[in-house]
Amino acid sequence: MTAAALARVLGPRLTITLVESSEIGIVGVGEATIPAIAQYNRLVKIDEDEFLRSTQGTFKLGIEFVDWYQKGQAYMHAFGPVGRDLAYIPFHHYWLKERALRDQAGAGSLWDYSFNWLAAKQARFARVSSVPETPLAGLLWAYHFDASLYAAYLSRLSQGLGVRRIEGKIAAVLQQGDGDVRALRLEDGREIAGELFIDCTGFRGLLIEQALETGYEDWSHWLPCDRALAVPSARTTPLLPYTRSTALEAGWQWRIPLQHRTGNGHVYSSAHTSDARAQELLLANLEGEPLAEPRPIRFVTGRRKLFWNRNVVCMGLASGFLEPLESTSIHLIQVCIQRLILLFPHHGDNEERRREFNRSAAAEYEYIRDFIILHYHANDRRGDPFWDACRHMSIPDSLRQRIELFREMAGIFCAPDDLFQLTSWLQVLWGQGVRPRATHPFVEAVAPHDREGYLRDLRRLLAHAAQQLPAHADFIAKNCAAGAP
Ligand SMILES: Cc1cc2nc3c(=O)[nH]c(=O)nc-3n(C[C@H](O)[C@H](O)[C@H](O)COP(=O)(O)OP(=O)(O)OC[C@H]3O[C@@H](n4cnc5c(N)ncnc54)[C@H](O)[C@@H]3O)c2cc1C
C-alpha cells in the first residue's frame, strides 16, 4: 500500500525500493475494512469492480455484534447515517423522546432508521447514492477481501509505477554514527542504501524497534486479548454483506464472507482460556467446513512510542496493534500514508514535521483504542470471568467522559476528522446497553404528532427502498465475480 501510494503521488521525484521476503511471507489476515478504504483505492486508481474480482471481494455494510452486551442479544455498527437530523439536533434525540413517550415498538428500533442495516439484514446490495426520490443518503460500503490477493495486486501495481522490488531477507540494519539508518544488508550480502526508510516488517519492527529501540506503549490492561487463531471455511449462503463478530467466553470470533470462502478467527485472552479451548470454540462456531488447520498469531495491543523516529517511519503492524474488532488496521496504514505524503521530508529540517506526524498518529490510535474498549467494557455478560474483568476495569478518562456525557444527556461530540462519527458511537453505546437519562430539551419544539409522523415516514421510506435492492450475491455475480480460485 505504501509503495503504491508513494509511487502514484510522488513517483517521478523518488526512487522507491521495496524489499520483501516471500519466505517470511505476510501475516495474511486483515480481510475486513471500513468505507475510507475507497479513498485509498481512488488515490492509486483502482477500479472497484476489478479490485473485487482480483481479491475475491464482497461488499460490507457494517459489523454485527452478537452476544456482546448480553448472550442472545445482537446489534450492528452499520455504516452510513441513522435517521436524519432536524434543526441542529441529532436524530437520535427525537427517537429517544418518542421511545420514552410511547411504547418502544411505536418508535421502532434504532436500526429501523439505518438504510445500511435494512439492506444488510436482507443480504441485499446495490450502489445507490440516495434513497430514490428522497434527500436521504444511500448505502455506504466497505469491502471484505482476501488480504494475500490484495497484497499481490498492489505489488503488481507498484512495480508498474516504477517501484523496484527486491526479493530477499534483511539480515542487518546499518546505522550511521548519529543513529540514522544508512542501509539494509540482505542475507546474500547485498546492501540497499536510502535516505528515508519505511518499516513495514510487521510485528518484528526490524528497523523501528530492533534497530532504533523506539519503545512500545502496551495497552493490554485495557485490551487483554493477545492471541488469535485464523481459519478459512467453505462459503455458505446467503452471501452476507457484513462482518459478524460473536463474543465468546474469553474473546470473540470474526466471520468474514468472501466470494470463494469465509474467513474466520477467534481473538482471545490467554490469561482467561487455553489455546485448545479457543480452537475448540472456533471450530464449533464455523458455519462451513474448515479448509485448513487453524493458524495461531500472537500480539500485544498497543502502539509504538514514535511512528517516525530519525529517518524511519513505521507502518502497519510495525507501528502497533489494535485488534481487528472494528477493522481499523488497514485504515490506519492508509491514513499514515496520507500523513506521510502531506509531511514528506523533501528538504531541510524535519523536526516539526516529525513532531506533527507523531502527534496525529498517536491521537488517531488512541481515538480508535477508546472506541474498541467501549465494546468490551460496557457489557452485561455477568458470570464470565473475562467479561466481568472487562466490565470492572478502569478505562481511559477520554472514554469515561464520553460514556458519561451520553448517559447524562445523550450527547455525542466528535471532531470533523475523527474516524468514528456520531452514528458509530451511538450504535455501539446503545447496542452495548448504555442508556441516557435525558434528551435535548429542544426536541419538545417539534409537536408530538409531527415527530411521530416524521419517524414513521422515515421508517416506511427506508424499509421500502431496501426491499427494492438486489441480492448481494446477484449484484456480485453481475458486476464483479472473480474466476474460480
Ligand atoms: C488476527 C488479525 C486479524 C486482523 N484483521 C484485520 C481486519 O479485519 N482488518 C484490518 O484492517 N486489519 C486487520 N488486521 C491487521 C492487518 O492484517 C495488517 O494491518 C496488514 O495485514 C498489514 O500488515 P503488515 O504489512 O504491517 O505486516 P505483514 O503482513 O506481517 O508484512 C510484513 C512484511 O515484512 C516482510 N519482512 C519481515 N521481516 C523481513 C526480513 N527480515 N526481510 C525481508 N522482509 C521482511 C515480510 O516478508 C512481509 O512482506 C488483522 C491482524 C491480525 C493479527
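Both ligands and their constituent atoms are indexed starting at 1 by order of listing. As the structure is a computational prediction, the values presented were derived from the model and not from experiment. The analysis underlying the following values was restricted to heavy atoms, covering all of them including side chains, and did not include hydrogens, waters or symmetry mates.
Under a 4.0 Å heavy-atom criterion, Gly25 is in contact with ligand 1. Remark: distances from the non-hydrogen atoms of Leu206 to ligand 1 include one below 4.0 Å. A heavy-atom separation below 4.0 Å is not found between Ser319 and ligand 1. Heavy atoms of Ser327 come nearer than 4.0 angstrom to ligand 1 in at least one pair. At least one heavy atom of Cys200 sits closer than 4.0 Å to an atom of ligand 1.
A perpendicular orientation is assigned to the rings of Phe65 and Trp68, their planes being inclined by more than 60° (bins at 30° and 60°). Between Tyr367 and Phe420, the two ring planes are parallel [angle under 30°; tilted spans 30° to 60°].
If you look at Glu323 next to ligand 1, there are no close heavy atoms at all, none under 4.0 Å. Counting heavy atoms closer than 4.0 Å to ligand 1, residue Phe299 contributes nothing at all. When non-hydrogen atoms are compared, ligand 1 lies under 4.0 Å from neither the backbone nor the side chain of Val267. Within the 4.0 Å heavy-atom criterion, the part of Ile333 lying near ligand 1 is the side chain and not the backbone.
Looking at ligand 1, you won't find any N or O of Ile256 less than 3.5 Å from one of its N or O atoms. The shortest N or O to N or O distance between Gly28 and ligand 1 is not below 3.5 Å. Of the N or O atoms in Ala228, none lie within a sub-3.5 Å distance of an N or O in ligand 1.
Trp222 contributes a side-chain N or O that, together with a main-chain N or O of Ser394, makes up a donor-acceptor pair within less than 3.5 Å.
Salt-bridge annotation for Glu191 and Arg185: present, with a side-chain N of the basic residue lying under 4.0 Å from a carboxylate O of the acidic one. Under 4.0 Å is where a charged nitrogen must lie from a carboxylate oxygen, and between Arg359 and Glu356 at least one such pair does. In this structure, Arg255 does not pair ionically with Glu64, as no charged nitrogen and carboxylate oxygen lie closer than 4.0 Å.
Aromatic rings of Phe357 and Phe307 (six-membered ring for Trp) have centroids beyond the 6.0 Å cut-off, not under it.
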